[in-house]
Q: 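Have a look at the structure that comes next, please.
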Amino acid sequence: MQYRSRYIPLVGVLVLIAVPNQRIGPGAQADEPDPAPGMAESAALFKAHIGPLLKTKCLRCHGGKSTEGGLNLANRQLLLQGGEHGPAVVPGTANKSLLYKLVAHLQEPHMPEGGDKLPAKDLEQLAQWINLGAAYDAPLLVGDLKSNPLQAGSHWAFQPLRRPRVPESAAPSRIPRNPIDAFVEAKLKEHGLTRNPEADRRTLIRRLKFDLVGLPPTPQEVEAFEQDHSTTAYEQLVERYLASLQFGERWARHWLDVVRYAESNGFETNQPRPNAWRYRDWVIKSFNDDKPYDRFVQEQLAGDSLGADLGMGFLVAGAWDEVKSPDVTLTRQQRADELHDMLSTTGSAFLGLSVGCARCHPHKFDPVSQIDYYRFQAAFAGVQHGERAIP
């Protein structure tokens, strides 16, 4: 199971990260004029009270994909646009705003439907927010980037890794063996707990080998470890298991699950893939060679330009419908499904984002617009499934 491709530009694949702060797509809004007096106070009120209130009380039915009555409260533009009954808010006048009148039970149908009206304090803050201009501190849901160009940069998946400060040892007389011990001790102290006793050697070697290799230790290994009283016995055992070829086989299984690897095509015929094992073995070898993660990623997305063709088996590791049809529409749908499989797996495996949702609509929670989805998809347009044995 291999691929045929002239070139897959890596920069195209990572377009979602490359342009987090740009307004994208048709209909991008021009910069808004300077806010009116009171808008800053309204925005602060929104951040502290109104935003959380709308999230907990309203967005289940009026946000993102769920927009009953055509009303979406996810951002200010949609709020002012309103739904089937017109604008939800008249900035500056709470008593004339439909949203306020419905949640205060001043007009039918009462909101929330079948529920009590909001507490007096919430109603007072809502009225104040509207009277000050109904400002949004930021959109409540990350949807189309053109309506929320900045929030993508603050999304958790785009944050750089940071090394936290190692806590001081909770027990000064006990020196932690490594920084992880210090974090464990600090958390135990926070909750008034103490450590369990150290595991005996028989238990320790079983835990270690199951974790690193996935198999139990032999009786001979257990006996040798129990009789080794050197101060580095455990560390040497760790290094030996890490150096084992079985370590790569054990941990490659997790990655192969992430990338939906299979040795048959799936669907109704489910034919075997004679060359799928080549990608599987490439993953195992990558783990055993301790390949740097950035190189591991690059070879799976653009390996044909790096002299690492085997890594690109990643792109076509998923299900493939090889039963074709003379129906042009069906054939195009099959091709769209193939590209979707490559795209959505790349997004979940490497970006930490469920990009595939944006195939049909801007993503409700992740900063992925529908237009970004199809830009992303274009990066895979040259990839085709096929069998090509590599010597």
Q: Before giving the answer on side-chain contact (heavy atoms from CB on, under 4.5 Å), spell out for Ile50 and Gln125 the whole-Å C-alpha distance, their side-chain angles and the decisive distance to 0.1 Å.
A: CA-CA 7 Å; Ile50 305 305; Gln125 291 173 338; 4.2 Å; yes
Q: Would Ile284 end up clustered with Leu212 when hydrophobic side chains under 4.5 Å apart are linked, directly or stepwise?
A: no
Q: Taking ring pair (Phe, Tyr, Trp, His ring centres under 6.0 Å) as the criterion, tell me which of Phe380, Tyr261, Phe350, Trp255 meets it with Phe314.
A: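 When Phe380, Tyr261, Phe350, Trp255 are each tested with Phe314, the ring pair (Phe, Tyr, Trp, His ring centres under 6.0 Å) holds only for Phe350.
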Q: Could you go through the side-chain contact (heavy atoms from CB on, under 4.5 Å) check for Tyr100 and Val89 one step at a time?
A: CA-CA 8 Å; Tyr100 177 79; Val89 161; over 6 Å; no
Q: Could you check if a side-chain atom of Val90 sits within less than 4.5 angstrom of a side-chain atom of Ser97, using non-hydrogen atoms only?
A: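 Answer yes - side chains close enough.
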Q: Under 4.0 Å between a Lys/Arg side-chain N and an Asp/Glu carboxylate O for Lys187 and Glu190?
A: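 Yes, this pair counts.
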Q: I need the Asn131 CG to Asn95 CG distance, nearest 0.5 Å.
A: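 If we round to the nearest 0.5 Å, Asn131:CG and Asn95:CG are 7.0 Å apart.
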Q: Just to verify, what does Gln377 make a side-chain contact (heavy atoms from CB on, under 4.5 Å) with, not counting sequence neighbours?
A: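 If we apply the side-chain contact (heavy atoms from CB on, under 4.5 Å) test to Gln377, skipping adjacent residues, the hits are Leu339, Leu343, Tyr373, Tyr374.
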Q: More than 12 non-hydrogen atoms from neighbouring residues, nucleotides or ligands closer than 6.0 Å to NZ on Lys57, yes or no?
A: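 Incorrect, the count does not exceed 12.
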Q: Which ILVMFWY residues can you reach from Val184 by hopping between side chains whose heavy atoms are under 4.5 Å apart?
A: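 Its cluster partners, ordered by chain and number, are Ile180, Leu188, Leu193.
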Q: For Asn72 versus Leu78, what's the shortest heavy-atom pair and its separation?
A: O-CB, 3.2 Å
Q: Given the rule in the side-chain contact (heavy atoms from CB on, under 4.5 Å) test, do Leu208 and Phe225 qualify, once you have shown the distances and angles that lead to the verdict?
A: CA-CA 12 Å; Leu208 181 64; Phe225 184 56; over 6 Å; no
Q: Where do Gly248 and Asn288 come nearest, in terms of heavy atoms and distance?
A: N-OD1, 2.9 Å
Q: If you define the side chain from C-beta out and look only at heavy atoms, does anything of His363 sit under 4.5 Å from Ser354?
A: yes
Q: Would the distance check show the side chain of Thr331 and the main-chain N or O of Ser325 forming a donor-acceptor pair, the cut-off being under 3.5 Å?
A: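 Here the side-chain-to-backbone pair exists.
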Q: Quick one: does Leu237's side chain get under 4.5 Å of Leu204's, heavy atoms only?
A: no
Q: With heavy-atom distances below 4.5 Å as the criterion, would you say the side chains of Leu54 and Phe46 are in contact?
A: yes
Q: Does Lys121 NZ have over 12 foreign heavy atoms under 6.0 Å away?
A: no
Q: Working to the nearest 0.5 Å, report the span between NE2 of His361 and OG of Ser369.
A: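 Reported value, rounded in 0.5 Å steps: 12.5 Å.
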Q: Does the side-chain contact (heavy atoms from CB on, under 4.5 Å) test come out yes or no for Val355 and Phe376, once each step is laid out?
A: CA-CA 9 Å; Val355 179; Phe376 199 177; 3.7 Å; yes
Q: Indicate the ring-plane relationship of His254 and Trp251, choosing parallel, tilted or perpendicular according to the 30° and 60° boundaries.
A: tilted
Q: Report the distance from atom CH2 of Trp320 to atom CD of Gln334, rounding to the nearest 0.5 Å.
A: 10.0 Å
Q: Do Val368 and Cys357 come close enough that some side-chain heavy atom pair is under 4.5 Å?
A: no
Q: Please name the pair of heavy atoms, one in Leu310 and one in Arg278, separated by the smallest distance, quoted to 0.1 Å.
A: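 Scanning both residues, the minimum pair turns out to be CD2-CB, 3.7 Å.
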Q: Which heavy atom in Ala135 sits nearest to a heavy atom in Ala43, and how many Å separate them?
A: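 Scanning both residues completely, I find the closest heavy atoms to be CB-N, 3.6 Å.
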Q: Any cation-pi pair here, Arg76 with Tyr136, using under 6.0 Å and within 45°?
A: no
Q: Would you find more than 12 non-hydrogen atoms of other residues, nucleotides or ligands less than 6.0 Å from Arg206 atom CZ?
A: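 Counting neighbours around CZ of Arg206, 12 or fewer heavy atoms of other residues, nucleotides or ligands fall under 6.0 Å, so no.
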Q: Return yes when atom CD of Glu124 has more than 12 non-hydrogen atoms of other residues, nucleotides or ligands closer than 6.0 Å, and no otherwise.
A: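 Not more than 12 within 6.0 Å, no.
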Q: Which atom pair, heavy atoms only, marks the closest approach of Ala349 to Tyr293?
A: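 Minimum heavy-atom separation between Ala349 and Tyr293: O-OH, 4.1 Å.
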Q: List the steps and the verdict of salt bridge (Lys or Arg N to Asp or Glu O under 4.0 Å) for Arg335 and Glu338.
A: CA-CA 5 Å; Arg335 179 57 179 160; Glu338 291 173 7; 3.0 Å; yes
Q: Should Met342 and His385 count as side-chain neighbours, where that means a heavy-atom distance under 4.5 Å?
A: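 Yes, close enough: below the 4.5 Å cut-off.
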Q: Can you tell me how far apart CD (Glu198) and CG (Asp200) are? Round to the nearest 0.5 Å.
A: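 Here the interatomic distance stands at 10.5 Å.
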Q: Please check if atom CG in Asp290 has more than 12 non-hydrogen atoms from other residues, nucleotides or ligands closer than 6.0 Å.
A: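 Open.
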Q: Sorted by first residue and then second, give each salt bridge (charged side-chain N to carboxylate O under 4.0 Å, His left out) pair with at least one member in residues 252-271; sequence neighbours left out.
A: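 Salt bridge (charged side-chain N to carboxylate O under 4.0 Å, His left out) check on residues 252-271 returns Arg260-Asp341, Glu263-Arg280.
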Q: Does Glu41 reach the side chain of Gln128, with side-chain heavy atoms less than 4.5 Å apart?
A: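 A side-chain contact under 4.5 Å exists here.
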Q: Would you check if Asp122 and Val103 make a side-chain contact, meaning some heavy-atom pair closer than 4.5 Å?
A: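 No; the side chains remain at least 4.5 Å from each other.
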Q: Carefully, step by step, assess Gln298 and Asp294 under the rule side-chain hydrogen bond (donor to acceptor under 3.5 Å, both in side chains).
A: CA-CA 6 Å; Gln298 292 168 3; Asp294 58 348; 4.8 Å; no
Q: At their closest point, which heavy atom of Ala134 faces which heavy atom of Ser42, and how far apart are they?
A: N-OG, 3.4 Å
Q: Backbone N or O of Ser344 within a donor-acceptor pair of the Arg359 side chain at under 3.5 Å?
A: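 The answer is no, because no donor-acceptor pair under 3.5 Å joins these two groups.
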Q: Can you tell me how far apart NZ (Lys209) and CG (Leu215) are? Round to the nearest 0.5 Å.
A: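 Answer for the NZ-CG pair, Lys209 versus Leu215, is 6.0 Å.
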Q: Measuring from Tyr241:OH to Arg250:CZ, what's the distance to the nearest 0.5 Å?
A: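 Here the rounded value is 13.5 Å.
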